[in-house]
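Okay, so here's the structure we're looking at.
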Amino acid sequence: MQDHSHLYLKLINEFNLKEDDILFLSSDVSQLAKYFKSQGTSFDPNVLIDLLQKRLSKGTILIPAFTDLLKNGGEFDWNKSKPTTGALSNRVMKRKDFIRTEDVLHSVFVWGKHQTEIVALQDESTFGPKSIFGFMEQHPVKMVIIDVHFQNSFTYVHYIEEKRKVNYRKAYHWTVSFRKNEEMSSKKVLFYTKRWGIETNLTQLQEQLISKGIVEQKNVHGVSLLMLDVAETGREIENYLNNGGKTHEFKLFLLFKCFVKAVIGRK
């Protein structure tokens, strides 16, 4: 069987990783899979992860395992609730060397040096100082985004918005059933999220960060890569907001849609 590891290594080499880096990898691998198919092979997420582990022999890998469909009063099963963050996340969920954190909204799969520290993180607020986002502010985390726009990948922006207590988002207090290894408990969650009628829009922000060199953009195998230092990018976003930049927009039809859903939900 032909060895196609060079295809994975060409991608990984673009990440410019050091052996002790902390890598947060966000991805949509559908286009990558099409490229591999055009080369006569299939894309295997496990091969990518295995090679990243070799490259980061003294480092840490974080893979988002967010559950965007969870609602107040819902249930989060630590073992079984599938991430809504793509095929790579769902494949990593089957591995034994990664451990999932317990944040019901924004859990991550973690492997490597900082695994114990990250798994121990607990914060009532999913965007709080002791969340994974608070960890990323305090540590030199390199984020690589494979073929996904900021709009659908840079959740860290909401951590900054909570810190600033922006008026277009508010704190909602949820209670969620938490199941882990067949044991059930109740978790209270603070979710600082959008007010009715608000839609996140990070298009202008992404363009400015790329133009200023804060976010590096590359293309490999016909797939877009965005690379950044999370904490540095966060500081630049603070400046962006201080100077009148926007990460949201108001839409009247969304306000109406939220109102209708709330009315129907009470019936």
Side-chain angles (χ1 to χ4, degrees), residues 11 14-17 21-32 61-69 83-89 103 105-109 126-127 131-164 166-169 191-195 197-251 254:
L11 177 69
E14 296 294 338
F15 298 176
N16 295 324
L17 298 172
D21 276 344
I22 305 171
L23 171 67
F24 189 104
L25 183 61
S26 182
S27 65
D28 178 346
V29 296
S30 55
Q31 291 301 317
L32 204 55
I61 301 174
L62 301 168
I63 306 287
F66 304 165
T67 46
D68 295 335
L69 302 179
T84 53
T85 43
L88 184 64
S89 299
D103 188 313
L105 292 172
H106 295 103
S107 63
V108 296
F109 297 118
T126 192
F127 297 127
S131 70
I132 186 59
F133 304 102
F135 174 89
M136 290 196 289
E137 182 180 42
Q138 299 300 321
H139 295 77
V141 177
K142 182 167 189 174
M143 185 172 186
V144 174
I145 304 171
I146 301 176
D147 208 30
V148 190
H149 193 279
F150 249 41
Q151 184 80 9
N152 301 310
S153 60
F154 199 65
T155 309
Y156 185 84
V157 72
H158 304 317
Y159 169 75
I160 297 170
E161 290 169 329
E162 178 170 326
K163 279 180 58 181
R164 295 171 66 91
V166 296
N167 60 12
Y168 51 89
R169 298 175 78 89
F191 188 20
Y192 196 74
T193 190
K194 296 174 289 188
R195 293 180 182 270
I198 296 297
E199 182 174 81
T200 298
N201 188 336
L202 304 185
T203 299
Q204 183 179 355
L205 174 63
Q206 175 175 311
E207 291 173 355
Q208 179 163 319
L209 291 171
I210 292 172
S211 68
K212 296 185 73 171
I214 303 298
V215 173
E216 184 178 7
Q217 185 175 40
K218 294 184 178 181
N219 187 289
V220 61
H221 298 328
V223 173
S224 170
L225 292 182
L226 299 175
M227 294 178 292
L228 56 99
D229 176 282
V230 174
E232 178 189 18
T233 303
R235 291 189 291 271
E236 185 60 34
I237 292 173
E238 292 264 19
N239 293 333
Y240 172 81
L241 293 172
N242 288 338
N243 289 302
K246 300 292 185 183
T247 57
H248 73 286
E249 56 185 321
F250 174 78
K251 292 188 174 180
L254 282 179

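All values below come from the heavy atoms of this structure, side chains included, with hydrogens, waters and symmetry mates left out. Residue numbers start at 1 and run along the sequence shown.
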Could you tell me whether the side chain of [Y] reaches within less than 4.5 Å of the side chain of [X], counting heavy atoms only?
X	Y	answer
L226	V144	no
M143	S26	yes
L32	D147	no
N201	H248	no
I214	L228	no
I145	F24	no
E207	I210	no

Using salt bridge (charged side-chain N to carboxylate O under 4.0 Å, His left out), reason through E216 and K218 one step at a time and then give a plain yes or no. CA-CA 7 Å; E216 184 178 7; K218 294 184 178 181; 3.7 Å; yes
Once you measure the plane-to-plane angle for Y159 and F133, does it fall in the parallel (<30°), tilted (30-60°) or perpendicular (>60°) bin? parallel
H106 and T126: CA distance, side-chain angles, deciding distance, side chain to side chain donor-acceptor pair (under 3.5 Å) verdict: CA-CA 7 Å; H106 295 103; T126 192; 2.7 Å; yes
Between F127 and Y192, does the ring-ring contact (aromatic ring centres under 6.0 Å, His included) criterion hold? Intermediate values first, please. CA-CA 7 Å; F127 297 127; Y192 196 74; 8.2 Å; no
For Y168, which of R195, E161, K194 qualifies under side-chain hydrogen bond (donor to acceptor under 3.5 Å, both in side chains)?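 Answer after filtering R195, E161, K194: E161.
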